[in-house]
Amino acid sequence: MNEDEPESNLWLTPLVSEDDFSVAFRGDPVHVELGPDFKVEAGEQDLFWARLKAICMEHNSKRVLIEGFVPRGERETSEVVEAGQRTATVPNLWLAFHLLNFTPTEQSELYVAIAATRGVRVKFFADHEHALNWLRRNAPP
């Protein structure tokens with residue numbers, strides 16, 4: 001690679017073990033990969049959002065693509081509401097999800113609605129390309 005050319009992939013330090021969660025900035029967007037054992041615990045949410053905010057600020061990006069596995073465990077309605085509110089940690093965020101075997105539920109609809117009240121746009125996609133295109137077409141750079 002030529003020294004004058006920017007690196008196409010900049011891998012950032014994973015939040016938790018590489019098998020559970022990883023973050024990369026690939027020029028655009030910020031990319032989050034959830035592993036099969038990823039489970040959002042109450043104590044980890046602050047760290048998750050703080051890290052995501054720092055990466056978005058560092059790379060001046062409001063576009064985030066989350067892919068991989070649906071996080072394990074059942075969530076209470078109060079947890080879904082809190083998760084939707086936490087999305088505003090990154091102001092004006094555009095968040096696209098492409099999760100394996102994801103089926104929309106009332107909880108995912110509630111999450112989208114709560115995030116929207118905080119100025120965050122969230123959408124779930126069946127494939128990677130549609131998610132990426134939605135981010136690039138709609139979210140400001």
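- Of all heavy-atom pairs between T89 and K53, the closest is O-CD, 3.3 Å.
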#### Entry: side chain to side chain contact (heavy atoms under 4.5 Å, CB included) between W134 and K123, intermediate numbers included
CA-CA 9 Å; W134 177 77; K123 193 166 180 178; 3.8 Å; yes

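- V120 is not listed as a side-chain neighbour of W94, based on a closest heavy-atom distance of 4.5 Å or more.
- Rounded to the nearest 0.5 Å, atoms OH (Y111) and CD (Q85) are 11.5 Å apart.
- Across L95, V30, L65, a single residue satisfies side-chain contact (heavy atoms from CB on, under 4.5 Å) together with L135, and that is L65.
- Here CD of Q107 is found 5.5 Å from OG1 of T77. Values are rounded to the nearest 0.5 Å.
- For F102 and F124, the distance between ring centers is under 6.0 angstrom.
- Residue W49 is grouped with residue I66 when hydrophobic side chains (ILVMFWY) are merged at heavy-atom distances under 4.5 angstrom, including chains of intermediate members.
- Checking H130 against N133 by side-chain atom types alone, no donor-acceptor pair falls below 3.5 Å.
- Note on L52: it does not cluster hydrophobically with L132, by side-chain heavy-atom contacts below 4.5 Å among ILVMFWY residues.
- Between F125 and H98, a ring centre-to-centre spacing not shorter than 6.0 Å is recorded.
- Taking each heavy atom of P29 and S61 in turn, the nearest pair found is CA-OG, 4.5 Å.
- More than 12 heavy atoms of other shown residues, nucleotides or ligands fall within 6.0 angstrom of atom NE2 in H128.
- Residue pairs meeting the ring-ring contact (aromatic ring centres under 6.0 Å, His included) criterion with at least one partner in residues 68-87, sequence neighbours excluded, are absent.
- Judged purely by atom type and a 3.5 angstrom limit, R63 has no side-chain atom pairing as donor or acceptor with the backbone of H31.
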### Message
Determine whether L99 and L34 satisfy the following criterion, side chain to side chain contact (heavy atoms under 4.5 Å, CB included), listing intermediate values before the conclusion.
### Response
CA-CA 9 Å; L99 303 174; L34 303 180; 4.2 Å; yes

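- In plain terms, the two heavy atoms of A88 and R118 that are nearest each other are CB-CB, 3.5 Å.
- For E67 (side chain) and V32 (main-chain N/O), no donor-acceptor pair under 3.5 Å exists by modelled atom type.
- Of all heavy-atom pairs spanning V81 and I114, the tightest one is O-CG2, 3.5 Å.
- Nearest approach of P91 to K62, heavy atoms of both residues: O-NZ, 3.0 Å.
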